[in-house]
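Starting from 1, each residue takes its place in the sequence as its number.
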Amino acid sequence: MKKRWLVLVLLIIAALTLAACGGEEEATPTPQPTPTVEPTEEPTEEPTPEPTEEATEEPTEEATEEPEAEVTEEAEATEEAPEEAVAARAISLDIPEGETFRVAVVMPSTATDLAFSQSMATALAAIQDAVGEDRFEYAMSENLFVVDDAATALRDYASQGYDLVIAHGSQYGSSLQDIAPDFPDTAFAWGTTVNTFADEGITNVYAYEARSEQGGYVFGVMAAHLTQSNVIGVVGPIETGDAKLYIDGFVAGVKSVNPDIDPIVNYIQSFGDLALAAEAADAMLANGADVLTGTAQMVPGAIQKAKEAGALWFGTQANQTNLAPEIVVANQVYDWTVVLEDIINRVLAGQLGGEAYAITLANDGLRIEYNDAFDLPDEVRQAGEETADAIRSGDIDVMSQIETLLGEPAEASD
């Protein structure tokens, strides 16, 4: 009996010893490598996307404050830039409650060309932002430089019952002249031109143009003050429309300050050939040009060459600062909301065409946007602002200045 009790006691002691050892093994995993390594790996996988969302919506106190502030400011600047560029004015449309106004536009290049097409795309987006997607819709057909393709798109949009169909390109005029009479209940608009085809008995076409010579003249004045070499270059597309107006205005502005400067003007006979624009800019830079400008969607080719050479650049049609913020001085931005607002309200009132419009410095359809990242001398900016104010007030008639200083009639060729 005693032996049995002795054996039983020994077994109990052994069991207690083993239990104590097992407890130590279970208690030690916390500092062991496996649990320590896993938390280190998980933060590198998951927090990477999380901070992006949190920083945008609700920054935490633990995060570094200064970098987040910079990211937030940059994000806001990127998002607000298009809105600031176009919606600088209040937009009011008389669209009845419960109805949606539908616009379709055909354009020769992409909606992000930093030039002519983008100016219209940005205006339509601004109107939709102001009115709401439920009351304003728009469709775009891009890269339709070929007139026959554009004509097909215009006819298709009209047959789909859009309230306003826009042919955003002067090359589309002959097509529109044929199409508009087939859809007498649809309003059309086209630019840049002043021809509504009223002389042909057509009553459902609006026309619009940009008095781009105004901003061109302002930039010419500033360029003449900025140049050190007295050599200034201008890269143009085809000698027509707002391109010719801008270039003539720019040259006149230069000569109003220094009549001895003869800007080098090269019309490359293309609206979209970036390589030709770059080649033209190269030749001007080789001749000593230290200030360049140009118009149409091929100008990124010229801007790149100006950037490489450290020459200054003046942009037009859209804000081109992002392409080369270190050399872009200022941009003349087209705001077509000035035109579209009135056209849409007239269509809503039952008038489908017959009016011609122009965007100008005075009606804020043309805006001078300075590049804040560029260190522009105060006296040069003042010269530009004073010139713009004189054009708005009528003290400077740019068309008369073009005729006087260039010695030729100030008219845009068809």
Side-chain angles (χ1 to χ4, degrees), residues 85-86 107-109 112-123 168-170 191-192 208-224 226 232-254 263 265-268 270-272 274 277 280-281 284 291-304 306 311-325 327-336 338-339 358-361 363-371 374 376 384 387-388 391 398 402 412:
V86 171
M107 51 184 63
S109 51
T112 55
D113 65 357
L114 292 175
F116 187 66
S117 294
Q118 181 170 323
S119 66
M120 179 57 72
T122 308
H168 191 54
S170 56
T192 62
Y208 57 86
E209 66 172 344
R211 302 308 307 184
S212 54
E213 76 279 1
Q214 297 183 354
Y217 190 88
V218 174
F219 289 166
V221 169
M222 295 172 66
L226 287 170
I232 297 173
V234 185
V235 181
I238 297 173
E239 196 171 0
T240 185
D242 64 315
K244 175 175 169 53
L245 288 174
Y246 174 76
I247 291 172
D248 285 352
F250 182 87
V251 174
V254 170
V265 178
N266 185 352
Y267 285 99
I268 65 172
S270 170
F271 284 96
L274 280 79
M284 296 169 187
V291 181
L292 295 180
T293 191
T295 178
Q297 54 266 32
M298 48 56 176
V299 296
I303 294 173
Q304 180 60 34
L312 304 183
W313 179 266
F314 287 91
T316 188
Q317 297 184 330
N319 195 311
Q320 298 160 357
T321 299
N322 287 340
L323 287 178
I327 65 162
V328 175
V329 180
N331 301 275
Q332 173 178 238
V333 176
Y334 290 5
D335 181 357
W336 295 114
V338 174
V339 168
I359 53 174
T360 66
L361 289 175
N363 64 20
D364 291 330
L366 299 178
R367 277 197 318 281
I368 305 297
E369 295 183 358
Y370 292 93
N371 174 16
F374 181 78
L376 181 64
T387 302
I391 293 172
V398 178
I402 291 173

* Are side-chain heavy atoms of Thr295 and Pro237 found at a separation under 4.5 Å? -> yes
* Would you find a donor on one side and an acceptor on the other, under 3.5 Å apart, between the side chain of Gln317 and the backbone of Phe116? -> yes
* To do: Locate the shortest heavy-atom distance separating Gly384 from Val218; write the atom from each residue and the value.
  => O-CG1, 3.5 Å
* For residues Thr192 and Glu209, is any side-chain donor paired with an opposing acceptor at under 3.5 Å? -> no
* Looking at CG of Asn371 and CD1 of Ile327, how far apart are the two atoms once the value is rounded to the nearest 0.5 Å? -> 10.0 Å
* Asked: Do Gln320 side-chain atoms and Leu114 backbone N/O form a donor-acceptor pair below 3.5 Å?
  -> yes
* **Asn266 (side chain) donor-acceptor with Ala280 (main chain) under 3.5 angstrom** => no
* Structure fact -> Taken in chain and number order and not counting sequence neighbours, the residues that satisfy side chain to side chain contact (heavy atoms under 4.5 Å, CB included) with Ser109 are Asp113, Ser117, Asn143, Gln297
* Structure fact -> Partner of Phe219 under ring pair (Phe, Tyr, Trp, His ring centres under 6.0 Å), picked from Phe314, Phe250, Tyr370, Trp313, is Phe314
* Determine the minimum heavy-atom distance between Ile238 and Ser270, stating which atoms define it. => CG1-N, 3.9 Å
* Return yes if a side-chain donor-acceptor contact under 3.5 Å exists between Asn331 and Glu369, otherwise no. => no
* Please walk me through it: do Thr321 and Phe374 pass side-chain contact (heavy atoms from CB on, under 4.5 Å)? -> CA-CA 10 Å; Thr321 299; Phe374 181 78; over 6 Å; no
* To do: For residues Leu366 and Val333, determine if any side-chain heavy atom of one lies less than 4.5 Å from a side-chain heavy atom of the other.
  => no
* Which pair of non-hydrogen atoms, one from Ala243 and one from Tyr267, has the smallest distance, and what is that distance? -> O-OH, 4.4 Å
* Check whether any side-chain heavy atom of Ile232 sits under 4.5 Å from a side-chain heavy atom of Val254, and report yes or no. => yes
* Asked: Among Val235, Thr316, Asp242, Val234, which residue meets the side chain to side chain contact (heavy atoms under 4.5 Å, CB included) test with Ile247?
  -> Val234
* **Value rounded to 0.5 Å, distance of CD1 in Ile391 from CG in Leu361** => 5.5 Å
* Return the minimal non-hydrogen interatomic distance between Ala358 and Arg211, and the atom names on each side. => CB-CG, 4.0 Å
* Asked: Taking the inter-plane angle between the rings of His168 and Trp336 on a 0 to 90° scale, is it parallel (under 30°), tilted (30 to 60°) or perpendicular (over 60°)?
  -> perpendicular
* Distance-only polar pair, side chains of Asp248 and Tyr217, donor-acceptor under 3.5 Å -> no
* To do: List the atom of Asp335, the atom of Ile359, and the distance in Å for their closest heavy-atom pair.
  => O-CG2, 3.8 Å
* Please check if any side-chain donor atom of Tyr246 sits under 3.5 Å from a side-chain acceptor atom of Thr293, or the reverse. => yes
* Structure fact -> Heavy-atom closest pair (Leu292 atom, Ala306 atom, distance to 0.1 Å) is CD1-CB, 3.9 Å
